[in-house]
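Below: one structure, written as structure tokens.
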Protein chains: 2
Amino acid sequence: MQTKVIKSVSEKKRVILPRAVRRQQLILATMRCISRVGLSSVTMAQVTKDAGLSRGIANLHFERKENLLIETLRFVTDEYNRGQAEILDATTFSSAAEKLAALVQFQFSRSVTEATKMAVWFAFYGEATSRPTYQKICADSDARAARSVRALFTQLGAAQEVLVDVGAVTDGYIALIDGLWLNILLAPQKMTRAKAKRVARTFLEGVFPSIKV
Amino acid sequence: MQTKVIKSVSEKKRVILPRAVRRQQLILATMRCISRVGLSSVTMAQVTKDAGLSRGIANLHFERKENLLIETLRFVTDEYNRGQAEILDATTFSSAAEKLAALVQFQFSRSVTEATKMAVWFAFYGEATSRPTYQKICADSDARAARSVRALFTQLGAAQEVLVDVGAVTDGYIALIDGLWLNILLAPQKMTRAKAKRVARTFLEGVFPSIKV
DNA sequence: GCTGCGAATGAACGCGGGTTCATTCTTTTC
DNA sequence: GAAAAGAATGAACCCGCGTTCATTCGCAGC
């Protein structure tokens with residue numbers, strides 16, 4: 001049989017790779033599986049199969065399924081926070097307004113809003129109420145994100161002639177973004193990335209009239 | 001033993017109630033369980049125990065667990081939509097601005113934002129990507145809610161001197177509310193109902209300057 | 001009061017999924 | 001080149017959960 005020949009050639013070449021690589025492979029596979037079947041019905045069998053690895057490997061590198069899930073959440077939040085910080089901590093922008101434009105661009109970039117990541121975010125949000133660990137990771141990530149946005153908004157507010165309530169505006173902006181992401185996830189054909197950007201810019205131009213985002 | 005006496009008195013008095021009552025009991029129990037342990041680990045045993053009923057009764061009234069979950073989602077969305085429609089379809093408000101104020105009041109009322117309901121909403125949102133049935137129910141509910149908000153905003157926009165992009169403002173408002181709900185769920189001590197209302201009103205006064213919400 | 005119907009019960013079943021571990025294979029060290 | 005270390009495998013185990021169903025019990029009709 002041809003299949004047999006092919007199989008015997010490609011079959012079972014056991015590869016050994018560093019721990020960090022395996023962990024990432026499994027995390028990425030977990031993300032794909034969550035977006036495909038949902039957090040509540042992901043199985044280790046699916047994840048390891050998707051990663052092209054054997055059944056027992058997850059336990060070797062993560063011990064328990066719960067750890068793999070937690071690391072997956074951390075992976076997504078860290079990646080986002082790093083990306084956002086890269087913009088907001090940068091000193092190369094010529095103005096605060098430009099930095100703000102870059103932020104919006106980033107928040108609705110393909111890499112942030114791609115279906116599999118959005119699905120993972122909200123899957124964990126949905127479980128956060130009942131899982132202290134998820135709750136903490138989400139809350140910490142949100143707090144970090146909010147702090148740096150607030151700093152930027154304070155700067156922008158100072159340049160305004162009209163007094164703005166920076167606290168309320170920051171909370172509002174964060175909420176707006178979360179809500180737009182949710183919309184993109186639930187009805188992607190109704191809420192596109194372009195439309196979402198427009199909505200975010202409308203909000204920002206409303207509160208900071210002097211700038212054009 | 002006293003306990004024994006009490007037990008033997010209160011024990012196993014089998015009660016028979018109409019189907020609709022049993023279904024609602026189970027749905028309410030499901031909501032409590034989801035908010036306590038999360039959608040991904042609710043079990044039928046927990047639900048029936050929480051409802052104070054026997055193991056098999058859920059299958060008697062819902063056939064499969066999945067049906068009970070779907071009905072629970074429908075229960076929550078229907079309740080919200082009914083409440084919102086009651087305000088937006090009313091003809092007793094003396095002005096559109098007043099109607100808007102009532103809407104905000106409703107959206108952050110205790111009954112809408114109570115932890116158990118929020119938890120249920122977002123638990124299903126999180127699974128919606130991978131479950132067409134959930135997705136459809138959520139999308140339909142959102143669309144209905146958006147339609148009537150849009151109608152109100154169109155009215156309000158017409159009364160403005162400055163032209164507003166009603167579409168973008170509606171999308172923005174809906175997203176803002178969703179985001180605020182998410183914040184209330186994830187960090188209730190940081191985002192209170194009062195604060196959320198203030199943020200929503202700030203947004204509305206920004207886009208409809210002529211009115212005070 | 002008796003009977004039949006259907007609501008309610010909960011013990012039992014079977015399966016699916018997480019976890020374990022003996023074994024195999026690769027790499028490193030001496 | 002041998003041996004030790006440890007990465008990777010996957011069959012097997014066990015537990016928990018959804019579902020079934022024989023049985024019990026309350027109530028309406030006669």
Side-chain angles (χ1 to χ4, degrees), chain A residues 7-30 32-34 36-73 123 127 130-131 133, chain B residues 7-30 32-34 36-73 123 127 130-131 133:
Chain A
K7 214 181 164 193
S8 70
V9 165
S10 66
E11 199 175 35
K12 293 164 193 278
K13 183 68 189 156
R14 190 183 284 197
V15 177
I16 292 189
L17 287 172
R19 187 180 168 81
V21 173
R22 289 293 186 223
R23 285 174 66 99
Q24 178 154 340
Q25 283 179 344
L26 288 166
I27 286 173
L28 293 176
T30 304
R32 285 189 296 269
C33 287
I34 288 176
R36 184 147 27 90
V37 304
L39 180 55
S40 71
S41 39
V42 183
T43 70
M44 293 304 260
Q46 286 166 5
V47 171
T48 51
K49 186 181 174 187
D50 182 286
L53 297 169
S54 71
R55 196 68 203 285
I57 197 161
N59 288 93
L60 183 64
H61 291 296
F62 289 97
E63 262 146 272
R64 344 214 98 264
K65 180 188 183 185
E66 186 59 17
N67 291 342
L68 171 58
L69 293 178
I70 289 170
E71 290 308 314
T72 303
L73 174 57
E127 290 288 299
S130 49
R131 310 262 183 129
T133 314
Chain B
K7 213 181 166 195
S8 71
V9 165
S10 66
E11 199 175 37
K12 292 163 193 283
K13 183 70 188 152
R14 189 182 287 196
V15 178
I16 293 189
L17 288 171
R19 186 179 169 82
V21 173
R22 288 294 184 220
R23 286 174 64 99
Q24 177 153 341
Q25 284 179 343
L26 289 166
I27 286 172
L28 293 176
T30 304
R32 284 189 296 268
C33 288
I34 288 176
R36 184 148 25 92
V37 302
L39 181 54
S40 72
S41 41
V42 183
T43 68
M44 293 304 261
Q46 286 165 4
V47 171
T48 51
K49 186 182 174 186
D50 182 287
L53 297 169
S54 70
R55 197 68 206 284
I57 198 162
N59 288 94
L60 182 64
H61 291 296
F62 289 96
E63 261 146 274
R64 343 214 98 267
K65 180 189 184 185
E66 185 59 19
N67 291 341
L68 171 58
L69 294 177
I70 289 170
E71 291 307 315
T72 302
L73 174 57
E127 290 289 298
S130 50
R131 309 262 182 130
T133 314

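Numbered from 1 within each chain, the chains take letters A, B, ... in sequence-line order. The structure presented is a predicted model; accordingly, all values stated were derived computationally and were not measured.
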Problem set entry | Neighbours of DNA chain D within residues 60-70 of chain A, by heavy-atom distance under 4.0 Å |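 A/Leu60, A/His61 - these, ordered by number, are the residues of the stretch whose heavy atoms sit under 4.0 Å from the strand.
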
Exercise. What's the closest nucleotide to the A/Arg55 side chain, out of C/dA8, D/dA12, C/dA11?
Worked result: D/dA12

For this session: Could you identify which residues of residues 37-52 of chain B place a heavy atom less than 4.0 Å from some atom of DNA chain C, listed by residue number, or say none?
Result: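 Contacting residues: none.
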
Exercise. So which pairs with a foot in residues 59-70 of chain A pass salt bridge (Lys or Arg N to Asp or Glu O under 4.0 Å), sequence neighbours left out?
Worked result: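 Counting only pairs at least two positions apart or across chains, the salt bridge (Lys or Arg N to Asp or Glu O under 4.0 Å) contacts touching residues 59-70 of chain A are A/Glu66-A/Arg131.
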
Problem set entry | Pairs satisfying salt bridge (Lys or Arg N to Asp or Glu O under 4.0 Å), at least one member in residues 43-56 of chain B, at least two apart |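 Applying salt bridge (Lys or Arg N to Asp or Glu O under 4.0 Å) to every pair that reaches into residues 43-56 of chain B, excluding sequence neighbours, yields B/Arg32-B/Asp50, B/Arg36-B/Asp50.
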
Under the side chain to side chain contact (heavy atoms under 4.5 Å, CB included) test, residues paired with [X] that sit two or more places apart:
{"X": "B/Ser54", "result": "B/Ile57"}
{"X": "B/Ala51", "result": "B/Leu26, B/Ala29, B/Leu53"}
{"X": "B/Leu17", "result": "B/Val15, B/Val21, B/Arg22, B/Gln25"}

Exercise. If you round to the nearest 0.5 Å, how far is CG of B/Leu73 from OG1 of B/Thr30?
Worked result: 12.0 Å

For this session: Supply the atom-to-atom distance B/Cys33 SG to B/Leu28 CG, rounded to the nearest 0.5 angstrom.
Result: 11.0 Å

Specify the separation, in whole Å, of atom [atom1] of [X] and atom [atom2] of [N].
{"X": "B/Leu17", "N": "C/dG6", "atom1": "CG", "atom2": "P", "value": "18 Å"}
{"X": "A/Ile57", "N": "D/dA11", "atom1": "CD1", "atom2": "P", "value": "16 Å"}
{"X": "A/Arg22", "N": "D/dA8", "atom1": "CZ", "atom2": "C1'", "value": "8 Å"}

Problem set entry | Considering all heavy atoms, the nearest A/Asn67-A/Phe62 contact | ND2-O, 2.9 Å

Exercise. Nearest heavy-atom pair of A/Arg19 and A/His61: which atoms, and what distance?
Worked result: NH2-O, 3.5 Å

Do any N or O atoms of the protein come closer than 3.5 Å to N or O atoms of nucleotides 21-24 of chain C, and which pairs are they?
{"unit_1": "C/dT24", "atom_1": "O2", "unit_2": "A/Arg14", "atom_2": "NH1", "d": "2.6"}
{"unit_1": "C/dT24", "atom_1": "O2", "unit_2": "A/Arg14", "atom_2": "NH2", "d": "3.2"}

Problem set entry | Close side-chain approach of A/Leu39 to A/Leu69, heavy-atom, < 4.5 Å |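 Side-chain contact under 4.5 Å: yes.
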
